[in-house]
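Both counts, for ligands and for their atoms, begin at 1 and track the order of listing. In this chain, residues are counted from 1 in sequence order.
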Amino acid sequence: MNDFRKLGALLAAVCAMLLATPAAAALRVVACEPEWAALVRELAGERAAVFVATGPMQDPHRIEARPSLIARARNADLLVCTGAGLEDGWLPVLLQQSANAKIQPGQPGHFVAAEHAELLDVPRRVDRSEGDVHPEGNPHLHLDPRNIARVAAALAERLALLDPGAGGEFERRHADFTARWQAALARWKSQAEPLAGVPVVVQHKSWPYLSAWLRLREVQTLEPRPGVEPSASHLQKVLAALQGTPARMVLVATYQDPRAAQWLAQRTGLPVVSLPFTVGATPGAGDLFGLFDDTIARLLQGAAR
Ligand SMILES: [Zn+2]
């Protein structure tokens, strides 16, 4: 009898432990890109278990819906993606293969960041025929930190809708994040003052939001169309155009092949500045704050050369 009582007490203790494990109560979140995983962590802390579909050194326009990712999507309560066509090459397959009704478009478990920001470079007509990977406008909206604030507000509400028991905690964390973000915005604005008006060449249309925010002037693009590899003839045109309208640096994301930028650098003497593009891509970009700290530091360094 005594043994049974001991066993019962042990089982009760184990059950209590299991119930106390944060993972047991947490929302299961699949983030399409590392920046949204980082934002979920800011807003949900231990209340969310986050899985990221793309790594910081992967091209988010092009990944495969691999089996491990499909398994995560199958059990997810919430999917957080950029939208605006960025994931068109792989997300529809993932959603279909997941057979998870909760995360399908239109459901509360399907969160699209692009619905909460104003898109830049929206074309007058959609045309993918020449390989354009930005048919709905530029999707790289996370690189304007003011958009991060907009998306954070909507995401905090969505988290509360899906996990009402933790609503107060999401609200408190969102207020705390917002206070820290607003302070960082003011700091970044003053640090980046010397970048206003600086002309740059970009590899891919990765930075229009960053450029609009910091008032960088993008004078040339190495890709002839978004997502189309730079060709020799296009690079010659860029080189010729730079003679009339010079630039100060060439911007590439760490995940991109830098050969075209290096080709141009050899012929112009321009520095190639490699920027993190997302959280985790450089040692300095460990979280969303670090992403902008490191980006601005690298731009200032490039402009000073
Ligand atoms: Zn792109």
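Taking the side chain as every heavy atom from C-beta outward, Cys32 and Val80 never approach each other to under 4.5 Å.
Looking only at atom types and distance, the side chain of Thr54 has no donor-acceptor partner in the side chain of Glu33 under 3.5 Å away.
Excluding waters, the protein N/O/S atoms found under 2.8 Å from the Zn ion (ligand 1) are His61 NE2, His134 NE2, His140 NE2, His204 NE2.
For Trp181, the ring-ring contact (aromatic ring centres under 6.0 Å, His included) partners are Phe177, Trp188, Phe289, Phe292, not counting sequence neighbours. Applying the side-chain hydrogen bond (donor to acceptor under 3.5 Å, both in side chains) rule to Arg150 yields the partners Asn147; only residues at least two apart in sequence or on another chain are considered. By the ring-ring contact (aromatic ring centres under 6.0 Å, His included) test, His174 is found to be paired with no residue, residues two or more places apart in sequence or in another chain being considered.
Between the Arg248 side chain and the Pro271 main chain, no donor and acceptor come within less than 3.5 Å of each other.
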